[in-house]
Amino acid sequence: MIYLKMDDLPAFTHTPVNDISGIHDLVVRTFHAHTTRSLQYRLKQLRSLYWGLKDAEPALTEALKLDLGKSAHESWMAEIMWCLNDIVFVCKNLEAWMVDEAAPDIPLMNQLMRPRIRKDPLGAVLIIGAFNFPFMLSLCPLIGALAAGCTAVLKPSENAPNSARIMQHVIEQSLSPDAYQVVQGGVPETTALLEQKWDKIFYTGNPVVGKIIAKKAAETLTPVTLELGGRNPAIVSKHADPRLAARRLLWTKLFCAGQVCVSQNYVLVDKDLLPALTHELGQALQEFQPKGAKGNEDYSRIVNERQWDRLKSLLDSTKGKILYGGYTDRDTLLFEPTVVQVESADDPLLQVESFGPLIPILAVQNLDEAIHIANDTDATPLAMYAFGSKADNAKVLAETRSGGATLNDAMFHASMPTLPFGGVGDSGQGSYRGRESFNCFTHRRSITQTPGWLEGLIDFRYPPYTAKKFKAVKQMADTPDFDRQGNAKKSLLWWLLLLGGKGSIASAGARWAVFVSLLAVGARMMARVR
Ligand SMILES: NC(=O)c1ccc[n+]([C@@H]2O[C@H](COP(=O)([O-])OP(=O)(O)OC[C@H]3O[C@@H](n4cnc5c(N)ncnc54)[C@H](O)[C@@H]3O)[C@@H](O)[C@H]2O)c1
Ligand SMILES: CC1=C(/C=C/C(C)=C/C=C/C(C)=C/C=C/C=C(C)/C=C/C=C(C)/C=C/C=C(\C)C=O)C(C)(C)CCC1
């Protein structure tokens, strides 16, 4: 088999803005022609995309190397295999997902109307991808939209142009062009796309642009899923294992050179554990990169000069002390993983999302202080990490919010392809992955059907309203299981089972034991008397 090479592809060129409304109209027309509704159509498209990606694997790997210096290892694990497995999983489950769902919590009398929930595709959707995991962040939403029966336009990030080129090639070779289109470009092209009316917009990227997109979508009441970012804290309590914490936190800062939305933005460590943690970070860095970042050909590069410059000026602005790393080279876009011990939560490294291989560490007095700083820095980050005892971790989860969280590791909740993934508050809204990708592009349509023979039985709904009809309606009221003080009331049956008492089932059991014993004694006494 002759494998495709990136050189075989046309150069990255922006889609002419004047073509965008025609592209939009095409996918809208196709949706309204109901072309994409059948299960077989969707499966055929998904299976075709699978083989298109599979056959392009060498070029996909090459593109990620060109755009980000990404290793074949990371490219396979978190991009190519990720997307291939996503398609396989969706194909296996799609038929079950599409079946009408029985409606839950329906009173008996309403069951007669056969309530059910149909999964309707939302329509023609717009998907805007980001540069750091260009295939996973563009194709997985597209897989969800396709599975849901939508038509779609994908706008990959222009900051990963080679990945955008090969994605366009694979999509054009594998999917029906009437239903699935790619628009290439940056701000002007995305802005032109946002002028069109979509049935859903799925955006991955920074919160600033997320607000632009949410505002634009609000003008036409278009639903959005926003996969944004945040300043994700890692809290390392005094009960943590410093070696595990060091290795696992470094994982996400070496992965894609820290250009990972769910990587920790800063580390709050109990003051007593600071020496051990910093020591273990040095040990792990030595193990993970024995020849340093420069000598590690599997270590990604910063995506472009603009991002490199932003990171460099951020590092130069810190008042902290560099413990490890700090080597950078603009010519090769290399940025070494850099551990900085900072003395204040006001340090510039904690004020913005680095989205790079910076690891500021701040010592705290205790867990309460860590939680306070975390909530003060970013109340709704995309991710939260807690390393500590079971009680410590439970406290962190109970007293903070985040899109997702991993305990005693980094980014694991984001490493499971079928676990719903999304932000909260400023870090985003909506979620996807696995079945959630199907749901993300689906409208859950409630349907009922009233049989003719019921007409006389439910005429209480028609005027003229009589006393008899009103009495019938009054009897439909439910009985509350709580009293006027807001306390739960037990039903008569429950009162009897608990023998009138309150408290636990165990105490009720004790009462039953006493009650049965008394009954037995009484019965024996009655027998003697006879
Ligand atoms: N939640 C997630 O899954 C996820 C994944 C990756 C990145 N992110 C977040 O994204 C940010 C980094 O990515 P990025 O935004 O630099 O990626 P990016 O530069 O690739 O931009 C993302 C997309 O937004 C578009 N865009 C940029 N500026 C725009 C504008 N003014 N108007 C319209 N469209 C515009 C780009 O064309 C691109 O398609 C970080 O905050 C990171 O946390 C989140
Ligand atoms: C195999 C057996 C067992 C255990 C298996 C285990 C525990 C396997 C663990 C696998 C791991 C560690 C996989 C890690 C994968 C990481 C990935 C895919 C990272 C992905 C990163 C992503 C998606 C980043 C996203 C970034 C975003 C969205 C923003 O920028 C046993 C032990 C159970 C025994 C039986 C065999």
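Remember, predicted model here, so these are calculated numbers, not experimental data. Both ligands and their constituent atoms are indexed starting at 1 by order of listing.
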Student: Give the numbers and elements of all ligand 2 atoms closer than 4.0 Å to a heavy atom of Met411.
Tutor: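 Atoms satisfying the 4.0 Å criterion: 21 (C).
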Student: Run the salt-bridge test on Asp25 and Arg29 with the 4.0 Å N-O cut-off and return the result as yes or no.
Tutor: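 No.
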Student: Could you tabulate the donor-acceptor pairs under 3.5 Å formed by side-chain atoms of residues 122-140, not counting sequence neighbours?
Tutor:
residue	atom	partner	partner atom	Å
Asn132	ND2	Gln259	O	3.0
Ser138	OG	Pro134	O	3.0

Student: Just jot down the ligand 2 atoms closer than 4.0 angstrom to any heavy atom of Arg433, in number order.
Tutor: 23 (C), 28 (C)
Student: Report yes if some heavy atom in the side chain of Gln181 is under 4.5 Å from a heavy atom in the side chain of Glu172; otherwise report no.
Tutor: no
Student: For ligand 2, is there an atom lying under 4.0 Å from some heavy atom of Glu74?
Tutor: no
Student: Excluding sequence neighbours, so at least two apart, what forms ring-ring contact (aromatic ring centres under 6.0 Å, His included) with His372?
Tutor: none
Student: Mind listing the side-chain donor-acceptor pairs of residues 145-159 below 3.5 Å, one per line with the distance, residues two or more places apart or on another chain?
Tutor:
residue	atom	partner	partner atom	Å
Thr151	OG1	Val27	O	2.8
Lys155	NZ	Glu158	OE1	3.2
Lys155	NZ	Gly185	O	2.9
Ser157	OG	Asn159	N	3.0

Student: Establish, yes or no, whether a centroid distance under 6.0 Å links the rings of His14 and Phe12.
Tutor: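 Between Phe12 and His14, which both carry aromatic rings, the centre distance is below 6.0 Å.
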Student: Would you say Glu227 touches ligand 2, if touching means a heavy atom closer than 4.0 Å?
Tutor: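 Per 4.0 Å heavy-atom rule, Glu227 does not contact ligand 2.
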Student: Heavy atom to atom 22 (C) of ligand 2, shortest distance: which of Ala414, Cys261, Ser263 holds it?
Tutor: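 Ranked by closest heavy atom to atom 22 (C) of ligand 2, first place is Ala414.
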Student: Establish, for the pair Arg433 and Phe421, whether the NZ or CZ atom is under 6.0 angstrom from the six-membered ring centre and no further than 45 degrees off its axis.
Tutor: yes
Student: Mind jotting down which protein residues get a heavy-atom contact under 4.0 Å with ligand 1? Chain and number order, please.
Tutor: Ile128, Gly129, Ala130, Phe131, Asn132, Leu137, Lys155, Pro156, Ser157, Glu158, Asn159, Val187, Thr190, Tyr203, Thr204, Gly205, Asn206, Pro207, Val209, Ile212, Glu227, Leu228, Gly229, Cys261, Gln307, Glu353, Phe355, Leu382, Phe421
Student: Do the side-chain N and O atoms of His239 and Asp392 include a donor-acceptor pair separated by under 3.5 angstrom?
Tutor: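 Yes, Asp392 and His239 have a side-chain donor paired with an acceptor closer than 3.5 Å.
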Student: What orientation do His413 and Tyr385 show, parallel under 30°, tilted 30 to 60°, or perpendicular over 60°?
Tutor: tilted
Student: Is any N or O atom of Asn132, backbone or side chain, closer than 3.5 Å to an N or O atom of ligand 2?
Tutor: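 Yes; at least one N/O pair falls below 3.5 Å.
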Student: Using heavy-atom distances, let me know which of Phe412, Trp82, Phe133, Phe131 sits nearest atom 13 (C) of ligand 2.
Tutor: Phe412
Student: Is the closest side-chain donor-acceptor distance between Asn375 and Thr400 under 3.5 Å?
Tutor: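 No, because no side-chain N or O of Asn375 sits under 3.5 Å from a partner of the opposite role on Thr400.
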Student: Find all atoms of ligand 2 within a distance of less than 4.0 Å from any non-hydrogen atom belonging to Trp251, and give their numbers and elements.
Tutor: 16 (C)
